[in-house]
Number of protein chains: 2
Amino acid sequence: MSEDAEKIIERLAQDLRAGQFTPGSWLKQVDLQKRYGVGRAPVRKALEALAGRRLIRHEKNRGYSVHPADTEEADQVLDIRVAIETGFAEAICRNAVEADIVELGGLAAEFEKIAINGPFHLLYDANLAFHGALLGCARNPAMVALVADLRMRTSPAPASQWLDRSRIERSAQEHYDMVEAVRTSDAAGLARLIRDHILQRAD
Amino acid sequence: MSEDAEKIIERLAQDLRAGQFTPGSWLKQVDLQKRYGVGRAPVRKALEALAGRRLIRHEKNRGYSVHPADTEEADQVLDIRVAIETGFAEAICRNAVEADIVELGGLAAEFEKIAINGPFHLLYDANLAFHGALLGCARNPAMVALVADLRMRTSPAPASQWLDRSRIERSAQEHYDMVEAVRTSDAAGLARLIRDHILQRAD
DNA sequence: GTTACCAAAATTGGCACCAATAATGCAGCC
DNA sequence: GGCTGCATTATTGGTGCCAATTTTGGTAAC
């Protein structure tokens with residue numbers, strides 16, 4: 001056994017996140033065995049775990065599949081994210097300390113640098129890093145994990161988020177605005193920024 | 001095979017919800033095989049699915065366990081629920097139609113009847129029915145499902161919720177208050193009621 | 001060309017078994 | 001009595017295999 005099931009779960013999740021499986025496509029167990037170099041049991045374990053996290057779908061006797069793109073469910077998930085992330089705006093502002101703000105500033109600058117100069121394939125991870133750190137200020141790890149899962153239910157493909165350069169640059173500016181809202185403990189402002197950011201599908 | 005894995009998943013979830021497993025206890029595969037009359041594979045499938053839903057914990061090479069009671073994580077989950085459920089108060093008020101309000105009134109009355117006369121073991125399900133219907137007014141099934149899962153991470157045991165009669169009766173009154181808030185489209189009032197209700201661990 | 005049927009191929013789901021790992025119990029030492 | 005070490009027992013995790021189910025492709029009929 002080259003690798004254990006926990007790692008397969010995360011590798012498959014990462015590949016899903018990176019958009020390496022077409023939305024709506026079936027995840028065949030035998031294909032995944034070959035892809036990850038493991039046997040059937042760990043593949044099944046990974047598939048079931050991810051189905052439990054609702055990152056993929058399971059249909060009895062037919063198998064597991066990637067969520068189709070642009071579903072009504074995706075809209076629902078975005079609304080859930082809005083509720084959660086804006087609901088924690090106050091906790092974020094309350095709990096963030098100077099080191100957090102410095103880190104957020106750095107991550108916002110990193111995103112901006114990539115937005116201006118590329119390479120653009122790094123934008124997705126830089127964006128995740130910023131938003132993960134922002135939410136982390138709320139000191140509710142269960143929420144951070146939940147939002148990470150919810151993200152994977154709406155926009156698996158990095159390319160789906162930023163259609164043009166001005167949108168990317170606006171996102172970069174919004175990141176700075178969020179940092180400023182945290183620095184000045186403007187929870188209402190932060191909530192508004194987060195809400196708009198999510199609904200513009202900028203994050 | 002007496003029953004398929006999908007059903008085992010739901011039966012195990014139901015038994016967890018009903019508090020039939022001690023918080024913190026290990027869920028041994030061989031015991032579950034006997035309990036549900038199935039083989040190892042469907043048991044594993046069920047365990048993995050529920051671990052994916054974060055309803056139980058998995059530890060590599062040690063197995064699966066029920067969440068311990070009164071953990072820091074439970075507080076985090078309650079905060080997540082507050083954010084979600086208050087965040088959807090406006091959608092609930094906006095989308096509820098007359099039939100919804102009638103239904104909610106009926107469910108509130110049913111809870112109250114049980115609160116006054118018993119049998120008290122029915123309170124839990126009556127409470128779930130009320131809150132499920134209330135959240136259902138938001139027309140976001142993904143959110144309703146998510147909250148149902150989150151609930152199972154905080155108070156698996158019906159007995160843990162209501163320590164005395166006056167608390168039960170107050171809950172019953174709060175249900176009526178929520179219905180009235182929906183009826184009058186008082187989203188802010190509804191949000192406040194929901195928040196207080198959750199943090200008092202009354203639901 | 002389209003539809004229906006059926007056999008073959010593909011895939012999922014479950015079982016028995018065993019390797020790998022953790023837990024338990026016992027003996028010895030301080 | 002408490003601690004350590006080790007053998008035994010218990011349990012999880014993985015494999016190979018086959019039953020059950022679905023999908024695919026070919027053929028016949030219209």
Side-chain angles (χ1 to χ4, degrees), chain A residues 1-16 20-69 71 153 156, chain B residues 1-16 20-69 71 73 152-153 156:
Chain A
M1 222 294 274
S2 61
E3 221 162 2
D4 52 30
E6 308 276 351
K7 292 221 173 76
I8 302 303
I9 293 174
E10 290 314 315
R11 284 179 66 191
L12 179 50
Q14 165 70 16
D15 290 345
L16 284 161
Q20 295 202 13
F21 299 99
T22 309
S25 62
W26 293 97
L27 299 165
K28 296 178 183 178
Q29 295 176 16
V30 63
D31 290 347
L32 297 183
Q33 282 174 241
K34 293 179 196 155
R35 182 188 181 100
Y36 297 113
V38 295
R40 187 81 73 75
V43 163
R44 286 184 186 164
K45 182 167 182 169
L47 287 170
E48 198 57 54
L50 295 179
R53 284 159 70 176
R54 296 199 180 93
L55 305 190
I56 59 178
R57 295 184 174 182
H58 175 251
E59 200 169 326
K60 187 179 177 220
N61 291 328
R62 296 191 67 192
Y64 299 80
S65 62
V66 182
H67 287 293
T71 62
R153 288 170 64 184
Chain B
M1 222 290 278
S2 61
E3 220 161 4
D4 53 29
E6 306 278 351
K7 292 224 172 75
I8 303 302
I9 293 173
E10 289 314 314
R11 284 178 67 190
L12 179 50
Q14 166 67 16
D15 289 344
L16 283 161
Q20 295 203 12
F21 298 99
T22 309
S25 62
W26 293 96
L27 298 167
K28 295 180 184 178
Q29 295 176 16
V30 63
D31 290 347
L32 296 183
Q33 284 173 239
K34 293 179 198 155
R35 183 188 179 101
Y36 298 112
V38 295
R40 186 84 71 76
V43 163
R44 285 182 185 167
K45 183 166 179 167
L47 288 169
E48 198 57 55
L50 295 179
R53 283 159 70 176
R54 298 198 178 91
L55 305 190
I56 59 178
R57 294 183 175 183
H58 177 250
E59 198 170 330
K60 189 182 173 212
N61 290 328
R62 295 192 68 191
Y64 299 81
S65 61
V66 182
H67 287 293
T71 62
E73 193 191 55
M152 288 175 68
R153 289 169 66 183

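Computation of the quantities below employed the complete heavy-atom set of this structure, encompassing side-chain atoms and omitting hydrogens, waters and symmetry-equivalent molecules. Residue numbers begin at 1 in each chain, while the letters A, B, ... track the order of the sequences.
For dG13(C), the base has no donor-acceptor partner in the side chain of Arg44(B) [N/O atoms by modelled type, under 3.5 angstrom].
Look at Arg62(B) and you'll find a side-chain N or O under 4.0 angstrom from OP1 or OP2 of dA23(C). A sub-4.0 Å separation between OP1 or OP2 of dG13(D) and a side-chain N or O of Gln29(B) is present.
The separation between Asp31(B) atom CG and dT12(D) atom C1' is 13 Å, rounded to whole Å. Rounded to whole Å, atom P of dT12(D) lies 9 Å from atom NE2 of His58(B). We find that NZ of Lys45(A) is positioned 17 Å from P of dA20(C), with the value rounded to whole Å. Atom-to-atom, CG of Leu32(B) to P of dG13(D) comes out at 13 Å; the value is rounded to the nearest Å. We find that NZ of Lys60(B) is positioned 14 Å from P of dA23(C), with the value rounded to whole Å. When the P atom of dA23(C) is taken as reference, atom CH2 of Trp26(B) falls 7 Å away, rounded to whole Å. Between Gln33(A) atom CD and dC17(D) atom P the separation is 13 Å, expressed in whole Å. We find that CG of Asn61(B) is positioned 13 Å from C1' of dA10(D), with the value rounded to whole Å.
Two residues are said to be in side-chain contact when any heavy atoms from C-beta on lie closer than 4.5 Å; Leu50(B) and Ile9(B) meet this criterion. Taking the side chain as every heavy atom from C-beta outward, Lys7(B) and Tyr36(B) never approach each other to under 4.5 Å.
Within the 4.0 angstrom heavy-atom criterion, no nucleotide atom of any strand lies near Leu47(A).
When the nearest nucleotides of DNA chain D are assigned to Lys28(B) and Arg40(A) by heavy-atom distance, the more 5′-ward of the two goes with Lys28(B).
A donor-acceptor contact shorter than 3.5 Å is absent between the side chain of His67(B) and the backbone of Met152(B). Between the side chain of His58(A) and the main chain of Gly52(A), no donor-acceptor pair closer than 3.5 Å is present.
Evaluation of the salt bridge (charged side-chain N to carboxylate O under 4.0 Å, His left out) rule for Arg35(B) yields Asp15(B) as partners, not counting sequence neighbours.
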*Check the pair Leu12(B), Leu47(B) against side chain to side chain contact (heavy atoms under 4.5 Å, CB included), reporting the backbone distance first and the verdict last.*
CA-CA 8 Å; Leu12(B) 179 50; Leu47(B) 288 169; 3.9 Å; yes
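Screening Glu59(B), Gln29(B), Arg44(B), Glu48(B) against Tyr64(B) for a side chain to side chain donor-acceptor pair (under 3.5 Å) leaves a single residue, Glu48(B).
Annotation: the terminal axes of the helix from dG1(C)-dC30(D) to dC30(C)-dG1(D) meet at 20°, where each axis is the rotation carrying the C1' atoms of four end pairs onto the next four (5 pairs per end, rounded to 10°).
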